[in-house]
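See structure below.
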Amino acid sequence: MTQLQAVKGMNDVLPDEIGGWQRIERAYARTMSLHGFREVRTPYVEPTGLFVRAIGDTTDVVEKEMYSFEHHGETLTLRPEGTAGAARAYIEHSVHAREPVTRWWYSGAMFRGERPARGRYRQFYQLGAEIFGDAGPGCDAEMIDMLVVFLRDLVVPDLEVLVNSLGGPQTRARYREALVQHLTPKTAELSPDSQRRLGTNPLRILDSKDPRDQVAVRDAPTIDDLLDDDDREHFRKLRAHLDALGTPYSVDPRLVRGLDYYTRTLFEIKGAHEKLGAGSTLVGGGRYDYMTADLGGPQVPAIGFAAGLERLLIASDLPPAVTATDAVVAPLGESAIEAGLVLARDLRAKGIRCEIDTRGSGLRSQLRRANSLGARVVLILGESELAEGAVQVKDLDAHTEERMARDQALRIVVDRLVAASRSVDSRPPAPGT
RNA sequence: GUGGCCGUAGCUCAGCUGGUAGAGCACUGGAUUGUGGCUCCAGGUGUCGCGGGUUCGAACCCCGUCGGUCACCCCA
């Protein structure tokens with residue numbers, strides 16, 4: 001196509017699909033509020049240096065996936081993830097001085113120049129949250145459990161929680177070295193990808209899917225051996241807390257993530273493998289106790305996660321939300337349109353979702369339209385009704401029809417829709433939203 | 001970014017070994033000049049992703065390109 005089209009990997013979300021998005025966003029906002037998180041909105045554009053420092057200059061994300069550009073002498077980047085910006089805002093506004101523990105959540109677009117596929121786009125949406133100021137494993141466990149509950153509410157099948165501990169930065173560095181020492185003699189036996197990783201990100205070799213790498217890694221040292229006593233205790237308590245919560249999980253000593261900032265607790269939640277295939281990681285997160293210090297702020301322990309909204313949408317078996325119209329006002333003829341506009345406005349003032357056809361369509365097509373919109377009642381305004389100040393109230397469900405004064409019609413329609421629990425104002429909040 | 005597969009009407013898809021296009025759904029109008037969901041009738045539905053090439057002739061074969069998708073890489 002030579003026509004104008006959306007940029008590769010960036011999608012429109014049309015009204016037909018927006019119901020699913022809103023359903024997940026609302027469920028998330030509710031979960032966050034139940035756990036005392038407050039929403040934060042940070043810019044989509046940040047100085048490139050923020051991501052280089054926070055995420056790590058040898059990570060794939062920073063090395064080859066960022067949308068960076070120059071603008072009036074500044075080097076800027078469309079955010080590839082949410083944690084760095086949140087940490088920057090936390091430091092910039094000295095939030096640590098205002099409250100001991102800070103719980104923030106966010107929702108919004110992220111940008112990475114990867115090769116697009118299902119559930120993986122260049123502009124994609126993440127739900128995320130951060131806790132600043134709590135070093136203990138208790139909030140780690142709460143966060144993981146919260147996510148499991150959230151995903152269960154969304155009816156995501158085959159949930160799988162993986163946890164690991166990376167220890168502190170020094171542990172991580174020592175482990176990296178140990179791994180390189182173990183694997184260097186076997187360089188020739190590794191996959192080409194892993195030969196490259198050996199120099200860049202050796203930890204990633206651990207979860208390589210190549211059988212050659214899996215053999216080479218089989219008797220490699222595990223990070224568990226290098227954890228110091230505090231790290232080990234932290235991890236032990238996390239597991240004990242999860243056990244107490246009854247949260248299902250498995251320890252995966254090979255779980256490693258590609259962002260450099262993680263320390264100690266690391267976790268990942270997968271689900272809906274049949275629908276998502278290899279991209280079934282729904283949530284990834286972990287502790288980053290040194291990021292605020294690395295960014296030049298006070299050292300504040302922190303933990304956070306991000307979830308891919310598009311993937312949640314694919315993974316969720318929740319039925320799509322139905323958006324119905326309650327009533328349709330059907331004016332017949334030019335002179336009825338004004339009376340119809342007034343009537344429709346009065347209905348809406350009562351919380352009735354109401355549509356009106358102002359094009360001068362015939363009654364037949366207006367009724368068809370009302371039917372396909374799922375409306376319960378149609379209020380017909382023709383010449384004789386106009387003359388009498390009346391309206392014909394047709395109940396599409398009950399197949400009844402009655403002529404009455406308009407103010408009476410207002411009351412009757414409201415009563416009928418409330419009785420059927422259909423109007424916006426009367427509908428109780430659905431569970432899980 | 002690497003490799004594989006796919007690309008026909010708004011949607012889901014047919015189209016046999018190359019002979020220049022079909023179905024269902026949806027949409028609009030009518031059968032009922034002011035009465036829906038069912039039924040019947042009629043009707044737009046199209047640069048066969050795009051650009052080259054081979055051929056008398058290409059939706060079909062070849063090359064390129066764009067887009068999608070699967071696996072890898074990486075990640076949410």
Side-chain angles (χ1 to χ4, degrees), chain A residues 1-11 14 16 55 59-65 80-83 107-128 147 151 191-194 196-197 200-201 204-205 207-211 213 256-259 267-271 276-286 304-315 328 330-333 336 361-386 392-401 403:
Chain A
M1 272 214 240
T2 50
Q3 272 193 338
L4 227 41
Q5 59 182 316
V7 172
K8 176 174 179 156
M10 305 197 180
N11 308 111
L14 298 178
D16 280 351
I55 303 173
T59 56
D60 282 32
V61 169
V62 168
E63 272 190 335
K64 47 193 191 195
E65 295 176 356
E81 56 101 61
T83 299
S107 163
M110 308 294 163
F111 301 84
R112 289 183 202 171
E114 305 175 280
R115 181 135 166 193
R118 182 177 173 79
R120 177 202 192 85
Y121 305 104
R122 292 184 171 181
Q123 176 178 326
F124 61 105
Y125 293 79
Q126 283 189 337
L127 306 172
L147 287 162
L151 293 171
S191 70
D193 272 331
S194 287
R196 171 182 59 77
R197 289 185 184 115
T200 57
N201 198 345
R204 285 245 125 233
I205 301 174
D207 59 358
S208 167
K209 284 162 191 160
D210 192 292
D213 299 336
V256 169
R257 306 198 58 75
L259 309 180
F267 64 91
E268 189 170 302
I269 306 179
K270 297 167 176 256
L276 284 162
S280 65
T281 298
L282 300 168
V283 183
F305 72 85
L309 193 34
E310 290 89 345
R311 289 183 189 181
L312 292 179
L313 207 55
I314 296 167
V328 164
L332 300 170
S361 310
L363 180 57
R364 175 188 180 76
S365 74
Q366 295 201 52
L367 283 169
R368 279 190 174 168
R369 173 75 180 154
N371 201 60
S372 69
L373 286 173
R376 169 80 189 272
V377 294
V378 178
L379 296 103
I380 303 166
L381 284 166
E383 278 182 36
S384 62
E385 286 84 1
L386 277 186
Q392 192 85 6
V393 177
K394 184 177 179 67
D395 187 316
L396 292 179
D397 288 359
H399 300 269
T400 59
E401 188 168 339
R403 176 177 294 219

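A note on names: the letters A, B, ... follow the listed sequences, proteins ahead of strands, and every chain is numbered from 1.
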Assigned partner base of [N], Watson-Crick or wobble definition, under 3.5 Å:
{"N": "B:C60", "value": "none"}
{"N": "B:G1", "value": "B:C72"}
{"N": "B:U39", "value": "B:A31"}

For [N] and [X] - does any side-chain N or O of the residue sit under 4.0 Å from the phosphate oxygens OP1/OP2?
{"X": "A:Y121", "N": "B:U69", "answer": "yes"}
{"X": "A:K8", "N": "B:G67", "answer": "yes"}
{"X": "A:R197", "N": "B:C74", "answer": "yes"}
{"X": "A:R364", "N": "B:U35", "answer": "no"}
{"X": "A:K394", "N": "B:U35", "answer": "no"}

(message) Under 4.0 Å, heavy atoms only, any strand: does A:G277 hit a base, just the sugar-phosphate, or nothing?
(response)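 Sugar-phosphate contact only - A:G277 comes under 4.0 Å of backbone atoms but never of a base.
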(message) Under 4.0 Å, heavy atoms only, any strand: does A:R118 hit a base, just the sugar-phosphate, or nothing?
(response)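 The residue A:R118 makes sugar-phosphate contact but no base contact.
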Could you work out which one of [options] sits closest to the side chain of [X]?
{"X": "A:R204", "options": "B:C73, B:C74, B:U35", "value": "B:C74"}
{"X": "A:K209", "options": "B:U35, B:C73, B:A71", "value": "B:C73"}
{"X": "A:T281", "options": "B:C73, B:C70, B:C75", "value": "B:C75"}
{"X": "A:L363", "options": "B:C73, B:G34, B:G36", "value": "B:G34"}
{"X": "A:P116", "options": "B:G34, B:A31, B:G68", "value": "B:G68"}
{"X": "A:R368", "options": "B:G34, B:C75, B:G36", "value": "B:G36"}
{"X": "A:S384", "options": "B:G34, B:C74, B:C73", "value": "B:G34"}

Donor-acceptor pair under 3.5 Å, [X] side chain vs [N] base:
{"X": "A:R112", "N": "B:C75", "answer": "no"}
{"X": "A:E401", "N": "B:G34", "answer": "no"}
{"X": "A:S365", "N": "B:G29", "answer": "no"}
{"X": "A:R115", "N": "B:G68", "answer": "no"}

(request) Inspect the surroundings of CD in A:E401 and state if more than 12 heavy atoms from other residues, nucleotides or ligands are less than 6.0 Å away. (result)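 Yes, the 6.0 Å shell around CD holds more than 12 heavy atoms from other groups.
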Atom [atom1] of [X] and atom [atom2] of [N]: how far apart are they, to the nearest Å?
{"X": "A:R196", "N": "B:C73", "atom1": "CZ", "atom2": "P", "value": "10 Å"}
{"X": "A:R369", "N": "B:G29", "atom1": "CZ", "atom2": "P", "value": "12 Å"}
{"X": "A:M10", "N": "B:G68", "atom1": "CE", "atom2": "P", "value": "11 Å"}

(request) Mark yes or no for whether A:D213, through its side chain, and A:I205, through its backbone, hold a donor-acceptor pair below 3.5 Å. (result)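 No, A:D213 side chain to A:I205 backbone: no donor-acceptor pair under 3.5 Å.
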(message) Please check: side-chain N/O of A:Q366 versus main-chain N/O of A:S361, any donor-acceptor pairing under 3.5 Å?
(response)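 Checking the backbone N and O of A:S361 against the side chain of A:Q366, a donor-acceptor pair under 3.5 Å is found.
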Side chains of [X] and [Y], heavy atoms from C-beta outward: is any pair under 4.5 Å?
{"X": "A:E81", "Y": "A:I55", "result": "yes"}
{"X": "A:L396", "Y": "A:V328", "result": "no"}
{"X": "A:E310", "Y": "A:N11", "result": "no"}
{"X": "A:N371", "Y": "A:V378", "result": "no"}
{"X": "A:R311", "Y": "A:T281", "result": "yes"}

(message) Below 4.0 angstrom, which residues in residues 305-314 of chain A have at least one non-hydrogen atom near RNA chain B?
(response)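 Hits under 4.0 Å, by residue number: A:A306, A:G308, A:R311.
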(request) Would you name the heavy atoms of A:G113 and A:R122 that are closest together and state the gap between them? (result)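 Looking at all heavy atoms of both residues, the closest pair is C-NE, 4.1 Å.
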List every contact pair, protein side and nucleotides 42-44 of chain B side both N or O, where the distance is under 3.5 Å.
none

(request) Decide side chain to side chain donor-acceptor pair (under 3.5 Å) for A:S194 and A:R197; before the verdict, give the C-alpha distance in whole Å, the side-chain angles of both, and the deciding distance to 0.1 Å. (result) CA-CA 5 Å; A:S194 287; A:R197 289 185 184 115; 2.7 Å; yes
(message) Return the CG to CG distance between A:L276 and A:L282, rounded to the nearest 0.5 Å.
(response)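 Atom-to-atom, A:L276:CG and A:L282:CG are 6.0 Å apart.
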